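Presented below is the structure to which this report refers.
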Amino acid sequence: MTMLDEIEFRNLQLDQHGPLAVLTVNRPGALNALNADTLNEISQALEAVIENPEVGALIITGGGDRAFVAGADISELAQLGDVYAGRELALAGQDVMHSVSSLPIPVIAAINGFALGGGLELALACDVRVASPRAKLGLPEVTLGLIPGFGGTQRLARLIGAGRALDLMLTARQVPAEEALGMGLVNYVADDPLQKAREVAEGMMRNAPIALSLVKEAVRRGLDTTLEAGLEVEADLFGLTVATKDFREGTSAFLAKRRAEFQGE
Ligand SMILES: C/C=C/C(=O)SCCNC(=O)CCNC(=O)[C@H](O)C(C)(C)COP(=O)(O)OP(=O)(O)OC[C@H]1O[C@@H](n2cnc3c(N)ncnc32)[C@H](O)[C@@H]1OP(=O)(O)O
């Protein structure tokens, strides 16, 4: 099995610290903007993470000290020539964000600065967001004559409600971290967002891995359907957890007043 640190990327760094993987989008000269190469590399990195059974959580962050990701690369966007090229670019970006959101392990965004446009869309595809106090978040695409295209119109409205999402998208304003916390756009504000993300990931990884992945699946599938159908999904996935060894271990450990040791089986 390849250690994640051994894979070479041009615009990313992928590190592994035991069960924790950290993906750093690393184009600080362009505030980590997502060009086509970087999107492709993120897909490759996610595949490597999925194929490594030792990895129990992923953190995504930005290189340098100014930005998480300042959006899709505007110099590449400016080259888009026709309707079809625009649609293809949006679909390609959406595909990457979908791969992030459907990873079977917890994914945490450590937002160390600007998270704008495609950068906020990347953070929205993560399960939990930790922001530095100086982070600025927004979807400013309308200032460029565009609309968000990597999932922002859909995921932002689902996360914070259509009214707040429309305010952010129509004004294009950059929301400071504390305000983002108040509207549920981020979960935590911390001076060292990477360190806080590590602590959150480590806490999550103490829980049963299959249950973590099924919680994600239940929420994701439930958001796309009616309450009735979502409850059915929940009952089915709850049923699956009862067939796991981790369920036996978790309940036995509770009753024996000891700490559970989950194997992910
Ligand atoms: C489907 C998805 C669509 C999208 O995501 S559309 C893009 C949405 N994002 C944006 O509109 C944000 C664009 N960036 C900015 O507005 C500004 O940057 C900031 C407010 C984030 C920071 O401003 P300041 O402190 O003055 O820095 P600076 O000189 O503008 O940026 C440093 C270097 O980074 C490059 N850069 C920043 N964002 C992008 C980007 N999104 N695409 C390509 N390059 C970017 C700049 O050009 C510059 O580079 P150089 O030093 O060579 O002049």
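Each ligand, and each atom within it, is numbered from 1 in the order the structure gives. Worth saying up front: this structure is predicted, and the values here are computed from it rather than measured.
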Problem - From N26 atom CG to L12 atom CG, the distance as rounded to the nearest 0.5 Å - result: 8.0 Å

Problem - Residue from L116, L120, L168 passing side-chain contact (heavy atoms from CB on, under 4.5 Å) with L137 - result: L120

Are there any protein N or O atoms under 3.5 Å from the N or O atoms of ligand 1? List them with distances, or say none.
from	atom 1	to	atom 2	distance (Å)
ligand 1	5 (O)	A72	N	2.8
ligand 1	5 (O)	G118	N	2.8
ligand 1	9 (N)	A70	O	3.0
ligand 1	25 (O)	R66	NH1	3.2
ligand 1	25 (O)	R66	NH2	2.5
ligand 1	34 (O)	G29	O	3.4
ligand 1	41 (N)	A70	O	3.0
ligand 1	41 (N)	A72	O	3.0
ligand 1	42 (N)	I74	N	2.9

Handout entry: Hydrophobic cluster of L237, others only, ordered by chain and residue number, side-chain cut-off 4.5 Å
Key = I210, L214, V233, L240

Practice task
In plain terms, say whether E179 and R173 are close enough for a salt bridge, that is, a side-chain N and a carboxylate O under 4.0 Å apart.
Solution key: yes

Handout entry: Greater than 12 external heavy atoms within 6.0 Å of R87's CZ
Key = no

Problem - From CG (L89) to CD (Q79), nearest 0.5 Å - result: 12.0 Å

